[in-house]
Number of protein chains: 2
Amino acid sequence: MPVSGPTYAIGELAQQFDVTTRTIRFYEQEGLLSPERRGKTRVYRDKDRVRLKLALRGKRLGFSLIEIREVLDLYDDRNHGSVRQLERMLEILADKRANLERQLEDIRAMQRELDQVEARCQSALGELKASERS
Amino acid sequence: MPVSGPTYAIGELAQQFDVTTRTIRFYEQEGLLSPERRGKTRVYRDKDRVRLKLALRGKRLGFSLIEIREVLDLYDDRNHGSVRQLERMLEILADKRANLERQLEDIRAMQRELDQVEARCQSALGELKASERS
DNA sequence: GTTGATCTTCACGTTAAGGTCAAATCCCGG
DNA sequence: CCGGGATTTGACCTTAACGTGAAGATCAAC
């Protein structure tokens, strides 16, 4: 009983996520999406929507489309391959996890630096405005 | 009295940060670095090293070289321009800050998803190994 | 002094991630 | 049934961030 749920046109999806239809078609070409077809036109379901959302999140984090596809493919794995494949998956996951950790560190470091720069800017601005009043 | 401190050759720096010399020269061409010259050869000081470090961090966070240059230029600003310029700087900083926040959110969301995928992998792996023993 | 490592500039190549037409086709309200 | 907006495929274009030689200068070491 595949409840099926709502469907979306490509333009609809594009609007929802603020990307162009070109992007969505490109993601399909690169194997990130595989919508059904009604005739020639693409029909997207919620599972496609989820994949697109995850893909865009990955992109914001600097993942390449290839990496994103790898993870997405693991994600809805109804064919949990061999032991070897599963172990490879865990390897990839560990890798991505490590990367995220480093990004967190980087972000915190950069936030500290932004704090410093901003403080200097603010004080410089204060002085300028003070001298303006003189 | 500019203590000056240690200097580095381009290859040295490349090794320290695990990038190619081409990258370092490219960053110079793009205005991120501006080492002195002894004759034709580049001589790097600690301040250049710091800029390189910050640049690479920025890159890991998905900043473009242009954005990185903007921030670096703000960073060692001995010529804190006009009020307008300072205000523009604060604007940019706020922008980058917001971006970092979103990245943090994305990272946390993605970590949760990795947790789920990994759990599924682990359990599938457990089942496979169990059935192997039968 | 020659060899090998490192440096220089110049220039063309490459890859990722789409953008940008163009020309045909589809679908839907009137 | 038809006109206009949305979709389709296909082709080529673009930008960022380097890679990859080529060809020569320099410099320490043997």
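Reminder, nothing fancy here: chain letters follow the sequence lines and each chain counts from 1.
Here the closest heavy-atom approach between residue K59(B) and residue Y27(B) is recorded as CD-OH, 3.3 Å. Taking both residues in full, the closest heavy atoms of L72(A) and L32(A) are given as CD1-O, 4.0 Å, listed atom of the first, atom of the second, then distance.
Taking atom CG of L56(B) as the reference point, atom P of dA17(D) lies 13 Å away to the nearest angstrom. The CZ-C1' distance, from R38(A) to dC28(C), rounds to 14 Å in whole Å. For the pair F17(A) CZ and dG18(C) C1', the computed distance is 18 Å after rounding to whole Å. What separates CD of E12(B) from C1' of dC27(D) is a distance of 15 Å, to the nearest Å. As a whole-Å value, the separation of I24(A) CD1 from dG19(C) C1' is 15 Å. Straight-line distance from the CG atom of L32(B) to the C1' atom of dA17(D): 12 Å, rounded to whole Å. Rounding to whole angstrom units, CD of residue E28(A) and P of dA17(C) are separated by 17 Å. Rounded to whole angstrom, the span from the CD atom of E30(B) across to the P atom of dT15(D) amounts to 14 Å.
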Set out, in order, the CA-CA distance, both residues' side-chain angles and the distance that settles side-chain contact (heavy atoms from CB on, under 4.5 Å) for M110(A) and R57(B), then state yes or no. CA-CA 8 Å; M110(A) 188 157 288; R57(B) 173 140 71 219; 3.9 Å; yes
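Residue A9(B) is the one, among S64(A) and A9(B), whose nearest nucleotide of DNA chain C lies closer to the 5' end (criterion: closest heavy atom).
Listed by first then second residue, pairs satisfying salt bridge (charged side-chain N to carboxylate O under 4.0 Å, His left out) with a partner in residues 23-42 of chain A read E28(A)-R37(A), E28(A)-R42(A), E36(A)-R45(A), not counting sequence neighbours.
A sub-4.0 Å separation between OP1 or OP2 of dA16(C) and a side-chain N or O of K59(A) is absent. Remark: Y27(B) is not in phosphate contact with dA17(D), judged by side-chain N or O atoms under 4.0 Å from OP1 or OP2.
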Please list each protein N or O that sits under 3.5 Å from an N or O in nucleotides 8-10 of chain D, with the distance.
| residue | atom | partner | partner atom | Å |
| --- | --- | --- | --- | --- |
| dT8(D) | OP1 | R42(A) | N | 2.6 |
| dT8(D) | OP1 | R42(A) | NH1 | 3.4 |
| dT8(D) | OP2 | R25(A) | NE | 3.2 |
| dT8(D) | OP2 | R25(A) | NH2 | 3.1 |
| dT8(D) | O5' | R42(A) | NH1 | 3.3 |
| dT9(D) | OP1 | R37(A) | NH1 | 2.9 |
| dT9(D) | OP1 | R37(A) | NH2 | 3.2 |
| dT9(D) | OP2 | R42(A) | NH1 | 2.6 |
| dT9(D) | OP2 | R42(A) | NH2 | 2.5 |

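Distance from the side chain of T20(B) is smallest to dG19(D) among dG18(C), dG19(D), dC18(D). Candidate nucleotides dA17(C), dC18(D), dG19(C) were compared by shortest atom distance to the side chain of F26(A), and dA17(C) ranks first.
In this structure, Q15(A) places its CD atom where only 12 or fewer heavy-atom neighbours from other residues, nucleotides or ligands lie under 6.0 Å away.
Residues passing the salt bridge (Lys or Arg N to Asp or Glu O under 4.0 Å) test with D48(A): none are found, sequence neighbours excluded.
Distance alone, capped at 3.5 Å, is enough to place a donor-acceptor pair between the E67(A) side chain and the S64(A) backbone.
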